[in-house]
Amino acid sequence: MDSNRIDIRDAPKHVGEEVEIRGWNYNSRSSGKIAFLQLRDGTGRIQAVVVSGAVSGESWQAAKSLNTESSVIVRGVVKGEHRAPSGVELQTTAVEVVALAEEYPIGKKEHGVDFLMDYRHLWIRSARQEAILRIRDEISFGLREFMKQRGFVLTDSPIFTPSACEGTTDLFEVKYFDDKAYLSQSGQLYLEATSAALGKTYCFGPAFRSEKSKTRRHLTEFWMLEAEVAFMDWEENMQVQEDMTVHVLKRVLDNCQDELKALERDTAPLKTAAEGNFPRMHHAEAVRKLRELGSDIGDRDDLGADDETVLTRQFDRPVFIHHYPVEAKAFYMKPDPNEPDRALCADMLAPEGYGEVIGGSQRIDDLKLLEERIREKGLPVEAFEWFLDIRRYGSVPHSGFGIGLERTVAWICGIEHVRETIPFPRTIYRIKP
Ligand code: 4AD
Ligand code: MG
């Protein structure tokens with residue numbers, strides 16, 4: 001049994017042919033002389049109809065013995081079937097069991113999320129989780145593709161780092177090196193160095209935050225694509241982010257219709273966002289708007305998660321909020337010379353209540369000011385000497401940003417919590433499986 005083997009996804013191209021499928025039986029039922037096997041192989045799903053008498057006695061016994069998630073090799077002729085989601089089913093000619101499964105812990109009844117997360121290694125086989133992970137792959141690839149098209153060079157940043165990037169309160173310390181070491185919060189500082197070497201650079205890897213946050217937007221380990229460009233200002237920075245977001249949305253809309261359908265995602269808001277023209281709003285204006293909407297946000301506060309939710313419901317596409325007060329943001333952000341108490345920064349907030357998916361800014365290029373900001377934030381200057389060298393040797397205006405992959409996936413998939421957007425989530429509550 002191994003000629004004419006196909007992926008289930010390609011079955012519609014083989015109508016009338018005898019093919020072989022290798023996969024798992026995710027569901028089956030049989031009555032008297034007929035059995036229906038629901039097969040999946042990771043590329044798609046198809047029903048195989050087995051009729052006793054049309055197959056050997058061995059195959060019939062095999063078909064009847066299959067329980068949920070048993071692995072199996074099935075041969076059959078592909079038939080058009082208008083009631084099937086893919087338009088085809090398999091008229092089975094032979095069934096061979098690869099391995100019978102033990103009783104599958106995930107049943108048809110409703111399970112709580114904790115239970116499902118304990119079985120995450122199996123839960124990812126379900127149609128919904130499979131769809132999310134495929135869209136994640138598409139987004140991830142689309143981001144890299146955009147970077148490549150725009151001439152960015154991938155320069156991976158280290159994960160073991162001697163210093164904080166975003167702040168000292170949420171670092172994971174690592175015991176091993178003689179010096180203090182942490183898991184990276186962000187690859188940005190290293191990108192600033194590589195962008196002075198290669199012009200436009202990016203990194204795409206895991207980042208770690210130990211904040212004790214329990215919200216639906218936080219993971220302790222998440223993936224972030226960060227980009228950095230020499231001689232780019234904060235406004236051009238926003239345009240790159242907008243173009244990148246549009247590129248990714250178009251890819252997903254072009255290539256993931258089946259997955260979006262499986263998730264029952266309303267694609268109208270995604271199509272609107274894919275038009276671009278993301279509005280830009282000054283932080284002071286956002287605060288004014290939020291107060292109108294009932295928030296008690298202070299003039300100089302960062303936007304809280306609830307503020308972002310309320311604000312983004314006012315727009316039909318992502319919105320950039322720029323010019324946050326300097327004290328609300330990271331030490332490296334350049335103050336606006338015309339408004340020195342505000343930073344040349346912007347967060348991109350996703351619509352439909354999703355909120356921040358990108359954080360970015362122009363960076364301080366002045367050596368003295370950067371040294372001062374590092375001291376003010378109580379960071380150890382020695383650990384940043386190499387970073388200050390970027391200002392000592394041919395400093396240039398430069399900007400960059402970081403996009404969180406899981407928050408982007410949550411938004412595009414239209415799902416509530418980031419924990420379903422990564423194969424094996426790590427949160428304050430969870431390190432297993
Ligand atoms: O806004 P953040 O903290 O910015 C930086 O790390 C900058 N150094 C990026 C840069 O300019 N190179 O993080 C950027 C994005 C956020 O907008 C969010 O999407 C995601 O990373 N993110 C998280 N995602 C999931 N869980 C967390 N705990 C996250 N923290 C940030
Ligand atoms: Mg941020």
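Heavy-atom basis, side chains included; hydrogens, waters and symmetry copies ignored. Counting starts at 1 for both ligands and their atoms, following the listed order.
At the shortest separation from atom 1 (O) of ligand 1 among protein heavy atoms lies Glu356 OE2, 3.0 Å. Shortest contact from atom 15 (C) of ligand 1 to any protein heavy atom: Gly402 O, 3.6 Å. From the protein, the heavy atom lying nearest to atom 29 (C) of ligand 1 is Phe222 CE2, 3.4 Å. The protein non-hydrogen atom at the shortest distance from atom 12 (N) of ligand 1 is Glu226 OE1, 2.7 Å. Among all protein heavy atoms, the one lying closest to atom 26 (N) of ligand 1 is Leu219 N, 3.0 Å.
Polar contact with ligand 1: present for Val357 (N/O pair, distance under 3.5 Å). For ligand 1, none of its N or O atoms has an N or O atom of Glu228 under 3.5 Å away. The shortest N or O to N or O distance between Met224 and ligand 1 is not under 3.5 Å. Among the atoms of His218, none of the N or O lies under 3.5 angstrom from an N or O of ligand 1. Note: an N/O pair closer than 3.5 Å links Gly404 and ligand 1 by distance alone. Below 3.5 Å of separation, one finds an N or O of Glu166 facing an N or O of ligand 1.
When non-hydrogen atoms are compared, ligand 1 lies under 4.0 Å from the side chain of Arg209 (C-beta onward) but not from its backbone. At a heavy-atom distance under 4.0 Å, only backbone atoms of Ile358 (N, CA, C or O) approach ligand 1. Residue Tyr332 touches ligand 1 through its side chain alone, judged by heavy-atom distances below 4.0 Å. Contact annotation: for Phe401 versus ligand 1, heavy atoms closer than 4.0 Å belong to the backbone alone. Only the side chain of Glu211 comes within 4.0 Å of ligand 1, counting heavy atoms alone; its backbone N, CA, C and O stay farther away. With a 4.0 Å heavy-atom cut-off, ligand 1 is reached by the side chain of Arg363 but not by its N, CA, C or O.
When only modelled atom types and interatomic distance are considered, His247 and Glu242 share no side-chain donor-acceptor pair under 3.5 Å. In this model, no donor atom of one side chain and acceptor atom of the other lie less than 3.5 Å apart for Gln362 and His398. Residues Arg265 and Thr267 bring no donor and acceptor atom of their side chains to less than 3.5 Å of each other. Donor-acceptor pairing under 3.5 Å is recorded for the side chains of Arg120 and Gln129. Thr194 and Glu228 share no side-chain donor-acceptor pair at under 3.5 Å. Side chain to side chain, Asn255 and Glu138 meet the donor-acceptor criterion of an N or O pair below 3.5 Å. Side chains of Gln188 and Glu192: a donor on one and an acceptor on the other come within 3.5 Å.
Note that Arg373 lies outside the cation-pi zone of Tyr332, set by a 6.0 Å cut-off to the ring centre and a 45° limit from the axis. Within the cation-pi definition used here (under 6.0 Å to the ring centroid, within 45° of the axis), Arg391 qualifies as a partner of Phe387.
With ligand atoms numbered from 1 in the order given, ligand 1 contributes 25 (C), 26 (N) to contacts under 4.0 Å with heavy atoms of Arg217. Each of the following atoms of ligand 1 lies closer than 4.0 Å to a heavy atom of Ser186: 6 (O), 8 (N).
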Taking distance alone, no hydrogens or angles, what donor-acceptor pairs closer than 3.5 Å link side-chain atoms of residues 313-320 to residues at least two apart or in another chain?
from: Arg313; atom 1: NH1; to: Glu352; atom 2: O; distance (Å): 3.4
from: Arg317; atom 1: NH1; to: Gly276; atom 2: O; distance (Å): 2.9
from: Arg317; atom 1: NH2; to: Glu275; atom 2: OE1; distance (Å): 3.3

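Every residue two or more places apart in sequence or in another chain that forms a salt bridge (charged side-chain N to carboxylate O under 4.0 Å, His left out) with Asp302 is listed here: Lys329. By the side chain to side chain contact (heavy atoms under 4.5 Å, CB included) test, Ser70 pairs with Leu66, Asn67, Leu100, Ala101, sequence neighbours left out.
Screening His323, His322, His283 for a side-chain hydrogen bond (donor to acceptor under 3.5 Å, both in side chains) involving Arg342 leaves a single residue, His283.
Salt-bridge check for Lys13 with Asp10: passed, with a basic side-chain N closer than 4.0 Å to an acidic carboxylate O.
Judged by distance alone, with hydrogens and angles left aside, the side-chain atoms of Ser184 form no donor-acceptor pair with the main-chain N or O of Ile159 at under 3.5 Å.
Within the protein, the N, O or S atoms lying under 2.8 Å from the Mg ion (ligand 2) are Glu356 OE2.
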